[in-house]
> 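Sending over a structure as structure tokens; questions will come in a sec.
Side-chain atoms are counted along with the backbone in the values below, which use heavy atoms only and exclude waters and symmetry mates.
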Amino acid sequence: MAANFWTSSHYKQLLDPEEVDVVHQQDKDKGITLEEFKLIKMHMANYILKLAQHVKVRQRVVATAVTYMRRVYTRKSMSEYDPRLVAPTCLYLASKAEESTVQARLLVFYIKKIYSDEKYRYEIKDILEMEMKILEALNYYLVVFHPYRTLSQLLQDAGMNDMSMTQLSWGLVNDTYKMDLILIHPPYLIALACIYIASVYREKDITTWFEELRVDMNVVKNISMEILDFYENHKMIAEERVNTAFSKLALKP
């Protein structure tokens, strides 16, 4: 694993928002809108989390899996790479990359337990085949840096590593994976945005501390606004909207 974010493949692969918010032509031809594209990815992030809770892996594995899934769809269409297969496969791959290996047969077992819908039913061979495709789509770059470690260090540095601030900030970081922030911003900026929101919410004045950091507060505030906008508009996913989007893709009879 690369020890330094700035020399890592993760840093080199950061994208501009307009490169991430792109519906591939194949999906566009099927009537998928940008809103539906985002909705499916959000639904799949929740799916990965649900599956991870059953197979009992750490939050870091979930975060890596969601990052893989989001990276895949900056390069491949959903028509070509069925999200319902990509999501569990990304979890399978992330579990290996993060050295918490989960067996494919265990994932298949829990998928059948969680979803009665036949369209989610895939076998071990499907996951193994999709794993090779995902590795290729990711250019075999599997290193992902997350905001968690930086978050703990920054909270300590700010003298705010009490339980209430830690839990709130950590929860905010978890929710950022329902958006594409990890593909766009360095992890330390995402961590700072979450601390900023938490400090406002907990009414803690850390303006001086932020000034001492000499970071671009405009960027931190913009990320914060994006997170707050997500809470306002997307916290709940209407199941029928997800189903409508999937029916347009009509991936599996």
Side-chain angles (χ1 to χ4, degrees), residues 1-21 38 41-42 45-46 48-49 52 58-68 70-71 74 94 98 141 143-236:
M1 286 285 182
N4 185 336
F5 171 73
W6 303 106
T7 58
S8 70
S9 59
H10 183 156
Y11 172 62
K12 294 183 184 99
Q13 290 183 92
L14 288 180
L15 300 165
D16 291 329
E18 50 274 18
E19 293 177 285
V20 174
D21 286 341
K38 289 181 175 181
K41 288 191 289 184
M42 211 188 302
N46 287 341
I48 287 170
L49 176 61
R58 295 171 299 143
Q59 177 60 34
R60 187 185 174 85
V61 179
V62 176
T64 298
V66 173
T67 306
Y68 289 170
R70 291 185 175 279
R71 275 187 189 167
T74 61
E98 298 292 352
Y141 291 136
V143 173
V144 181
F145 283 79
H146 297 290
Y148 298 108
R149 186 186 291 177
T150 318
L151 181 76
S152 303
Q153 290 166 345
L154 289 168
L155 283 170
Q156 201 162 355
D157 186 57
M160 292 201 306
N161 54 338
D162 58 90
M163 191 59 82
S164 124
M165 272 299 286
T166 303
Q167 282 183 338
L168 179 56
S169 310
W170 196 276
L172 286 162
V173 169
N174 286 348
D175 283 341
T176 63
Y177 288 90
K178 294 175 184 173
M179 296 164 264
D180 287 309
L181 295 176
I182 194 71
L183 304 186
I184 300 164
H185 302 285
Y188 81 95
L189 285 175
I190 296 172
L192 282 172
C194 292
I195 291 172
Y196 179 71
I197 294 170
S199 68
V200 171
Y201 190 76
R202 292 276 187 252
E203 296 179 346
K204 290 178 188 273
D205 184 7
I206 52 169
T207 317
T208 314
W209 177 74
F210 268 113
E211 282 168 2
E212 284 168 4
L213 287 179
R214 300 207 176 140
V215 293
D216 188 340
M217 278 311 289
N218 287 329
V219 178
V220 172
K221 286 176 181 175
N222 285 343
I223 298 170
S224 306
M225 291 308 293
E226 216 171 313
I227 295 167
L228 293 171
D229 179 63
F230 163 78
Y231 283 123
E232 203 169 309
N233 300 310
H234 298 291
K235 194 78 175 87
M236 294 302 292

> For a quick test of reading the model, state the closest non-hydrogen atom pair linking Arg58 to Glu98 and the distance between them.
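Heavy atoms of Arg58 and Glu98 come nearest at NH2-O, 3.0 Å.
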
> List the steps and the verdict of side-chain contact (heavy atoms from CB on, under 4.5 Å) for Asp229 and Glu226.
CA-CA 5 Å; Asp229 179 63; Glu226 216 171 313; 5.6 Å; no

> Got a sec, which residues hit side-chain contact (heavy atoms from CB on, under 4.5 Å) with Arg202, two or more places apart in sequence or on another chain?
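Testing Arg202 for side-chain contact (heavy atoms from CB on, under 4.5 Å), a comparison that skips the adjacent residues, returns Ser164, Met165, Leu168, Lys204.
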
> Could you tell me whether a side-chain N or O of Thr166 sits under 3.5 Å from a main-chain N or O of Met163, the two making a donor and an acceptor?
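Checked: no pair found.
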
> Run the side chain to side chain donor-acceptor pair (under 3.5 Å) test against Asp205 and tell me which residues pass, sequence neighbours left out.
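Applying side chain to side chain donor-acceptor pair (under 3.5 Å) to Asp205 gives Thr207.
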
> Report yes or no: do Asp175 and Tyr231 form a side-chain donor-acceptor pair below 3.5 Å?
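Judged by distance alone, the side chains do pair up.
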
> Would you mind reporting whether Thr176 and Ile182 have side-chain heavy atoms less than 4.5 Å apart?
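Ile182 vs Thr176: side chains apart.
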
> Got a sec, which residues hit side chain to side chain donor-acceptor pair (under 3.5 Å) with Lys38, two or more places apart in sequence or on another chain?
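Expected list: none.
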
> Check for a donor-acceptor pair, side chain of Arg70 on one end and backbone N or O of Met179 on the other, with a separation under 3.5 Å.
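Checking the backbone N and O of Met179 against the side chain of Arg70, a donor-acceptor pair under 3.5 Å is found.
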
> Could you tell me which non-hydrogen atom of Ala191 sits nearest to which non-hydrogen atom of Leu154, and how far apart they are?
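Smallest heavy-atom distance, with atoms named: CB-CD1, 4.2 Å.
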
> In Å, rounded to the nearest 0.5 Å, how long is the span from NZ of Lys41 to CG of Asp180?
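The CG atom of Asp180 is 3.5 Å from NZ of Lys41, to the nearest 0.5 Å.
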
> Who passes side-chain contact (heavy atoms from CB on, under 4.5 Å) against Asp216, sequence neighbours left out?
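Asp216 satisfies side-chain contact (heavy atoms from CB on, under 4.5 Å) with Asn218, Val219 only.
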
> Going by the ring-ring contact (aromatic ring centres under 6.0 Å, His included) test, which pairs reach into residues 189-225, not counting sequence neighbours?
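Listed once each, the pairs are Tyr196-Phe210.
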
> With rounding to the nearest 0.5 Å, note down the distance linking CG in Leu183 to CG in Asp16.
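Here the interatomic distance stands at 12.0 Å.
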
> Distance from Ile190 atom CD1 to Ser224 atom OG, nearest 0.5 Å?
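If we round to the nearest 0.5 Å, Ile190:CD1 and Ser224:OG are 11.0 Å apart.
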
> Ignoring hydrogens, what is the shortest heavy-atom contact between Ile195 and Met160? Give both atom names and the distance.
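For Ile195 versus Met160, the nearest heavy atoms are CG2-CE, 3.9 Å.
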
> What's the separation between atom CG in Asn233 and atom CG in Leu228, rounded to the nearest 0.5 Å?
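If I round to the nearest 0.5 Å, the distance is 11.0 Å.
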
> For a quick test of reading the model, state the closest non-hydrogen atom pair linking Tyr141 to Arg71 and the distance between them.
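Looking at all heavy atoms of both residues, the shortest contact is O-NH1, 3.6 Å.
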
> To the nearest 0.5 Å, what is the distance between CG on Asn222 and NE2 on His185?
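Going from CG on Asn222 over to NE2 on His185, the span is 8.0 Å.
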
> When you measure from the side chain of Asn4 to the backbone of Trp6, do you find a donor-acceptor pair of N or O atoms at a distance under 3.5 Å?
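Indeed, once roles are kept as given, a pair shorter than 3.5 Å links the two residues.
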
> Is there a donor-acceptor pair closer than 3.5 Å between any side-chain N or O of Lys12 and the backbone N or O of Thr7?
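At least one qualifying donor-acceptor pair exists.
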
> After noting the C-alpha distance and the side-chain angles of Ile184 and Ile223, does the key distance pass the side-chain contact (heavy atoms from CB on, under 4.5 Å) rule?
CA-CA 10 Å; Ile184 300 164; Ile223 298 170; over 6 Å; no

> Could you tell me the separation between the CG atom of Leu192 and the NZ atom of Lys221, rounded to the nearest 0.5 Å?
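NZ of Lys221 is found 12.5 Å from CG of Leu192.
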
> Please list, one pair per line, the donor and acceptor atoms closer than 3.5 Å that link side chains of residues 144-151 to other protein atoms, with sequence neighbours excluded.
from   : atom 1 : to     : atom 2 : distance (Å)
His146 : ND1    : Tyr177 : OH     : 2.6
His146 : NE2    : Thr64  : OG1    : 2.8
Tyr148 : OH     : Gln59  : NE2    : 3.2
Tyr148 : OH     : Asn174 : OD1    : 2.6

